Every structure is written in structure tokens, then in C-alpha cells.
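Since the structure comes first, as C-alpha cells, the remarks are kept for the end.
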Amino acid sequence: MTAPLDPRGGGVDLNIWLGRDAETDHDDPAFARLAGALVRVQEVVSGARPPPGLSTEAATTLGRVADQLEPYDVDEAAQVAGRQFRHFSRGQTLLPAVAVDTYDGQRVDGRVTFGRFYLGSNGAVHGGAISLLFDDLLGQVANGPDAPRARTAYLHVNFHRITPIGVELSCHAGIRTVEGRKVHIDGELCHGEEVVASAEGLFVRLEAHQL
Ligand SMILES: CCCCCCCCCCCCCC(=O)SCCNC(=O)CCNC(=O)[C@H](O)C(C)(C)COP(=O)(O)OP(=O)(O)OC[C@H]1O[C@@H](n2cnc3c(N)ncnc32)[C@H](O)[C@@H]1OP(=O)(O)O
């Protein structure tokens with residue numbers, strides 16, 4: 001197994017835990033490294049106030065990087081971003097990295113730290129980033145090994161308390177009921193003992209013609 005690039009807090013990404021290997025033909029450790037470097041840039045830029053000269057220089061450098069990569073644009077079937085199942089966040093630079101501690105097929109418990117990239121304001125994580133975390137975590141539980149592919153039909157998120165950035169939080173998701181194609185999954189995000197956000201999602205298993 002390739003070592004995960006972003007082992008924040010130890011543990012492993014859920015995909016590594018699940019040993020998803022359906023798309024190993026898209027494994028690209030060098031690309032996963034590129035995505036990890038971009039995540040670092042996102043994080044550093046979000047929290048930085050550099051002098052204007054340095055901002056200009058950095059913008060030129062990043063522009064050059066984009067120019068270098070642009071000719072390698074591919075369609076979705078060939079894309080490797082989001083398919084690096086042996087790496088944290090699958091090489092999808094939008095996703096916060098979740099380190100999984102336990103998973104039993106029905107429930108997952110893990111940890112996540114939202115960095116400055118995910119700041120809304122006033123030290124609080126952006127609500128959209130919390131919803132993103134839940135959609136992905138609950139969605140992965142819905143799409144467990146051997147389960148039919150499922151899509152989010154709805155995701156109801158409650159924000160009970162400010163979710164702090166830069167602090168390790170625990171996150172949890174578990175299947176409540178399965179009724180035919182409908183999978184109801186609940187999630188919680190906790191700061192210590194306190195539940196800062198919770199979610200309830202409906203995931204609908206897809207028919208063959210919807211895949
Ligand atoms: C190896 C690879 C593995 C990779 C895994 C990576 C993990 C990735 C993790 C990332 C995960 C990220 C995941 C994402 O972000 S997925 C992206 C966000 N979601 C979407 O784009 C979904 C868009 N919507 C649809 O495609 C359809 O609406 C679906 C497929 C959901 C249902 O349309 P479909 O035509 O198929 O079914 P139906 O309409 O007959 O409904 C069926 C049943 O469901 C009930 N229902 C439906 N909607 C609602 C609703 N809103 N509230 C309450 N109930 C609702 C409905 O009443 C009925 O119930 P019943 O009457 O039978 O009792």
C-alpha cells in the first residue's frame with residue numbers, strides 16, 4: 001500500500017480502510033503528490049498576508065504551473081483527481097482529510113481538522129465545508145463495499161455550535177435504516193464531548209440505467 005500523503009492525526013482514509021480497488025488503473029502516486037502540494041498551497045494562501053511583491057511573484061509562478069498542466073486536460077473517464085483511493089481525500093483537493101479509526105460496514109468513526117482554507121469567519125468553519133464533509137462521509141458509508149452505488153437525495157445539516165478551525169474534531173456516520181433503495185444515514189461532528197453539527201441524509205441506490 002502506498003503511504004498516505006496527509007496522515008493528519010494518524011488513522012487512514014476510509015477508502016484505504018475499505019481497500020477499494022475497483023479503479024486501481026487510475027492509481028497515480030505522482031498525481032496524488034501534486035494534489036497534496038496544491039492542498040498545502042490552498043491552506044497557506046488562505047492564512048497568508050504576503051507583501052504585494054511576493055503575491056505578484058507567487059501568482060506568476062502559479063500561472064506558470066497552470067500553463068504547464070493545461071495541455072494535459074482529459075475527459076472524466078480518464079481523470080485521476082478524486083480516484084486516488086490509496087490517498088487521503090482521493091486526490092480531490094476540495095475535501096477535508098478524514099482519518100478513520102473504526103469502520104464496521106454500518107458505521108464509521110474518524111477525525112478531521114479543518115484548516116484555514118475552510119474558514120467561514122470568526123474562527124468558525126464555513127457551513128458549506130461542514131456539509132461537504134457530511135456528504136462525503138455519509139456518502140462513503142452509503143457506497144460501502146458490495147453495496148450498489150447510491151446518490152444523495154437530500155442532506156439535512158444542523159449547526160448546533162461554532163465549529164472551530166485548527167482543532168481536531170471527531171466525526172461519525174452510521175446507517176439508521178435501509179428501506180428498499182433508500183438508505184438513511186446519520187452523522188455527527190464533535191468537539192470533545194460537544195456535538196457541533198449533525199446531519200441526516202437520504203441516499204438512493206441507483207438503478208442500472210442510472211449508473
Ligand atoms: C470504487 C468506486 C467507489 C467510489 C465510491 C466513492 C464514494 C463517494 C462518496 C461521495 C458521495 C457524494 C454523493 C453525492 O454528492 S451525489 C451528488 C448529489 N446528488 C445528486 O446529484 C442526486 C440527484 N438526484 C437524483 O439523481 C435522483 O433524484 C435520485 C437518484 C436521488 C432519486 O431518483 P430516482 O428516480 O432514482 O428515484 P425516485 O425519485 O423514484 O425515488 C426513490 C425513492 O426515494 C424517495 N426520494 C427521492 N428523493 C427524495 C427526496 N429528496 N426526499 C425524500 N424522498 C426522496 C422517493 O420518494 C422514493 O421513495 P418511495 O416512494 O420508493 O418510498
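None of the values given here were measured: they were computed from a predicted structure. Quick note: residue numbers are just sequence positions, from 1. Every number for a ligand or one of its atoms is a count from 1 in the order of the listing.
- Within the listing of ligand 1, atoms 9 (C), 11 (C) sit less than 4.0 angstrom from a heavy atom of Gly139.
- Transitive grouping of hydrophobic side chains (ILVMFWY, heavy atoms separated by less than 4.5 Å) keeps Leu95 and Leu119 in distinct clusters.
- Judged purely by atom type and a 3.5 angstrom limit, Asp75 uses its side chain to pair as donor or acceptor with the backbone of Ala78.
- With distances taken over non-hydrogen atoms, the option nearest atom 63 (O) of ligand 1 out of Lys182, Arg205, Glu207 is Lys182.
- With ligand atoms numbered from 1 in the order given, ligand 1 contributes 30 (C) to contacts under 4.0 Å with heavy atoms of Leu206.
- The distance criterion of under 3.5 Å between nitrogen or oxygen atoms is not met by Tyr154 with respect to ligand 1.
- In the vicinity of Gln140, heavy-atom distances shorter than 4.0 Å reach the ligand 1 atoms 7 (C), 9 (C).
- Screening Gln106, Arg205, His184 against Val178 for a side-chain contact (heavy atoms from CB on, under 4.5 Å) leaves a single residue, Arg205.
- By heavy-atom distance, the residue among Arg151, Arg181, Glu179 lying nearest atom 26 (O) of ligand 1 is Arg151.
- The nearest non-hydrogen atom to atom 15 (O) of ligand 1, considering only Leu138, Asp135, Asn143, comes from Asp135.
- Counting only non-hydrogen atoms, the option in Thr152, Val204, Leu202 that gets closest to atom 13 (C) of ligand 1 is Thr152.
- The shortest non-hydrogen separation linking Val112 to Cys171 is CG1-SG, 4.2 Å.
- Taking Ser170 as the reference, His172 meet the side-chain hydrogen bond (donor to acceptor under 3.5 Å, both in side chains) condition, with sequence neighbours excluded.
- Without hydrogens or angle criteria, Gln84 side chain to Ser89 main chain gives no donor-acceptor distance under 3.5 Å.
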